[in-house]
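All remarks here apply to the structure that follows.
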Amino acid sequence: MSKGKLEKFAEIGTFPNVFQLPSLHNSEDFSLKGKWHKEYFKNDNPLVLELGCGKGEYTVGLAERFADKNFIGVDIKGARLWRGSKTAFDNKMNNVAFVRTRIDHIEKVFALGEVDEIWVTFPDPQPQKTRERKRLTSPVFLKRYANILKPGGIVNLKTDNFPLYDYSKEVAQELKLELLAATADLYKSIEKAEVAYISKNAELLQIKTYYEKMFLEQGLKINYLSFKISALQNG
Ligand SMILES: C[S@@+](CC[C@H](N)C(=O)[O-])C[C@H]1O[C@@H](n2cnc3c(N)ncnc32)[C@H](O)[C@@H]1O
């Protein structure tokens with residue numbers, strides 16, 4: 001029988017690769033901020049985040065393919081994080097960790113320049129105009145990312161939701177961020193080799209999260225956007 005939410009919650013408390021920081025808004029910076037490389041991973045390899053990682057398929061999938069990079073999945077839902085953290089723990093993957101917190105407080109977990117790349121995988125689209133600030137690709141969140149990424153760090157978005165893709169692309173353009181790739185149909189772009197950046201990264205772009213598999217079964221197209229954050233870091 002599969003484990004219930006409470007059991008999963010209890011179990012992640014015992015995993016050394018999970019850091020639970022649900023109330024960061026009331027507290028000081030997390031103790032590993034600025035020290036992830038030295039004190040946790042014990043190497044200088046690039047650090048890649050998956051924000052709103054859910055069960056962490058991208059985090060684990062990337063970590064399996066890139067032993068020379070470190071990966072951290074971030075989500076507020078502990079029972080979901082259990083899946084990825086258990087796989088990483090059982091497989092002794094020492095380049096993976098998970099943080100349970102709200103992404104709103106990400107600057108308390110990572111220092112400026114500590115992160116090389118960010119993936120935002122199938123975020124809640126927050127379609128109501130009044131909830132724009134909650135979108136993980138709104139200017140509010142992009143400024144937070146600019147405060148933890150290295151100069152020229154990259155943000156990737158994968159979504160089934162065309163309006164969110166379109167909105168994110170517009171925000172990136174308004175903020176003068178350098179677009180690396182933009183497609184409203186990722187798998188067609190891969191098949192037709194339409195965009196050089198996508199062809200170059202085709203293998204990792206085809207890692208599928210839990211939500212992506214669901215959306216593909218429903219026949220939905222996958223949108224992908226990638227841009228550099230530099231313009232937000234230069235002033
Ligand atoms: C639609 S699910 C996608 C999960 C996973 N990326 C996937 O593709 O299967 C969105 C996830 O983002 C998380 N999330 C949304 N807003 C968040 C926030 N502000 N802080 C932390 N997690 C958040 C939710 O808990 C949820 O697990």
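When a ligand or atom number is given, it counts from 1 through the structure's own listing order. All values below come from the heavy atoms of this structure, side chains included, with hydrogens, waters and symmetry mates left out.
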T209 neighbourhood, listing ligand 1 atoms whose heavy-atom distance to it stays under 4.0 Å: 7 (C), 8 (O), 9 (O)
Side-chain donor-acceptor pair present, D160, N223, cut-off under 3.5 Å: no
Those atoms of ligand 1 less than 4.0 Å from some heavy atom in R80: 2 (S), 26 (C), 27 (O)
cation_pi(K33, F30) dist<6.0 Å, angle<=45: no
Residue pair E132, S138: steps toward the side-chain hydrogen bond (donor to acceptor under 3.5 Å, both in side chains) verdict: CA-CA 7 Å; E132 186 194 336; S138 69; 6.0 Å; no
Cationic tip of R135 above Y167 ring, under 6.0 Å, 45° of axis: yes
Side-chain heavy atoms of L21 within contact of H105, under 4.5 Å: no
For atom 16 (N) of ligand 1, closest protein heavy-atom neighbour: D124 OD2, 4.2 Å
Atom 12 (O) of ligand 1 - nearest protein heavy atom and its distance: G52 CA, 3.4 Å
Element-labelled atoms of ligand 1 that are located less than 4.0 Å from some non-hydrogen atom of T101: 20 (N), 21 (C)
Linked, directly or transitively: V171 and I106 (ILVMFWY side chains, under 4.5 Å): yes
Closest protein heavy atom (residue, atom, distance) for atom 25 (O) of ligand 1: D75 OD1, 2.6 Å
Subset of ligand 1 atoms that lie under 4.0 Å from at least one heavy atom of K77: 25 (O)
Closest protein heavy atom to atom 19 (N) of ligand 1, given as residue, atom name and distance to 0.1 Å: D104 OD1, 3.0 Å
Nearest candidate to atom 3 (C) of ligand 1, where distance is taken over non-hydrogen atoms, out of F122, Y210, Y58: F122
Side chain, backbone, both or neither: the part of K55 lying under 4.0 Å from ligand 1 by heavy atom: neither
Protein heavy-atom partner closest to atom 22 (N) of ligand 1 - residue, atom, separation in Å: I76 N, 3.3 Å
Donor-acceptor side-chain pairing of E11 and W82 below 3.5 angstrom: yes
N or O contact, E212 vs ligand 1, cut-off under 3.5 Å: no
Subset of ligand 1 atoms that lie under 4.0 Å from at least one heavy atom of R102: 18 (C), 19 (N), 20 (N), 21 (C)
Pi-cation contact, Y224 with K158 (under 6.0 Å, within 45°): no
Residue E28 excluded, over 12 heavy atoms near CD under 6.0 Å: no
Atom 20 (N) of ligand 1: nearest protein contact (heavy atom, Å): I103 N, 2.9 Å
